[in-house]
Amino acid sequence: MMNNSKLPRKFYLQNTIEASKAVLGKVLVHRTNEGIISGRIIETEAYLQGDPACHANRGMTPRNEVMFGQPGHAYVYFTYGFHYCFNLVTQPEGIAEAILIRALQPLEGIKLMKRNRNKENPTDLCSGPGKLTQALAIGKPLNKADLLGDQLYLIDDGTDVGEIIAKPRIGIKEAVHEPWRFYPVEYINWVSRK
DNA sequence: ACATCGATCTACT
DNA sequence: GTAGATCGATGTA
């Protein structure tokens, strides 16, 4: 196994719940004009076909269109008036499933993150879905970005995150008991909620 | 056209 | 613990 390899398209074709766990520990990298900003993925949520909490559950709209397309693309949407959320599109074309990235452990570009967030405490930089998009400068222009391109991509650096906890998802009103939120025990101090 | 709501976060109590 | 911010997508007319 080679280290520091970009996740292949095939990664996004496995079962979305399995992929939500497998992506924990991978590194999300954004190459911006001002420098590289990256963090280790440590909290995810799975959104599935037939899942009432999934944006795509009521059919295709301009907003969720990318979820119905090719796997390994970014679904970025705007919510609550001033936050963006970043998702990984999984499954073949026609099947609209995704993984919401909820928290990162900051790695590179921490200075830029602090500036983008106007915060100093490292655990305040990426501990929430809206926080990490602000820290990494991920906005609407990156909706539909190909995660196998050179601007925004995921790296496997060989890190093993150990035991993973499954809990109900946060901030939804349907399917509230499904345990489709995942984070590793080892990173509990960096996630959005314990 | 217009009203409603949201996969949230912050600041304050 | 909760109010308030703030705007695009969506549903209804």
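Values below: every heavy atom of this structure, side chains too, minus hydrogens, waters and symmetry copies. Naming convention: chains lettered A, B, ... in sequence-line order (proteins, then strands); numbering from 1 in each chain.
- Remark: P of B/dT10 and NZ of A/Lys131 are 5 Å apart, rounded to the nearest angstrom.
- The only option from A/Leu24, A/Ile41, A/Ile165, A/Thr159 that meets the side-chain contact (heavy atoms from CB on, under 4.5 Å) definition with A/Pro184 turns out to be A/Leu24.
- Between the CG atom of A/Asn143 and the C1' atom of C/dG8 there is a distance of 12 Å, rounded to whole Å.
- Between A/Glu45 atom CD and B/dA7 atom C1' the separation is 6 Å, expressed in whole Å.
- The nucleotide whose nearest atom lies closest to any side-chain atom of A/Asn87 is, among B/dT8, B/dA7, B/dG6, B/dA7.
- The residue A/Arg117 sits close only to the backbone: its heavy atoms come under 4.0 Å of sugar-phosphate atoms, none of a base.
- Using Watson-Crick or G-U wobble geometry with both donor-acceptor distances under 3.5 Å, B/dG6 finds its partner in C/dC7.
- Across all non-hydrogen atoms, the minimal contact from A/Cys54 to A/Leu48 is CB-O, 3.4 Å.
- In this structure, the OH atom of A/Tyr80 is 13 Å from the C1' atom of B/dT4, given to the nearest Å.
- Heavy atoms only, all atoms of each residue included: A/Tyr75 and A/Arg63 are closest at CE1-O, 3.3 Å.
- At whole-Å resolution of the value, CG in A/Asn118 and C1' in B/dA11 are 14 Å apart.
- In this model, a side-chain donor or acceptor of A/Tyr77 finds a partner on the base of B/dA7 within 3.5 Å.
- Each of A/Gly81 and A/Lys119 has a nearest nucleotide on DNA chain B; the 5'-most of these lies closest to A/Gly81.
- Summary of the strand contacts: A/Arg63 and A/Phe82 both lie near DNA chain C, and taking for each the nucleotide with the nearest heavy atom, the more 5' one is attributed to A/Phe82.
- Heavy-atom minimum distance, A/Asp146 versus A/Arg9: OD1-NH1, 3.0 Å.
- Nearest-nucleotide positions on DNA chain C for A/Lys140 and A/His83 put A/His83 closer to the 5' end.
- A/Leu100 comes within 4.0 angstrom of a base, heavy atoms only.
- The separation between A/Gln134 atom CD and C/dT6 atom P is 14 Å, rounded to whole Å.
- Look at CD on A/Glu174: it is 13 Å from C1' on B/dC5, rounded to the nearest Å.
- Taking both residues in full, the closest heavy atoms of A/Tyr183 and A/Arg193 are given as CE2-O, 4.3 Å, listed atom of the first, atom of the second, then distance.
- Counting to the nearest Å, the C1' atom of B/dC5 and the CZ atom of A/Arg58 are 12 Å from each other.
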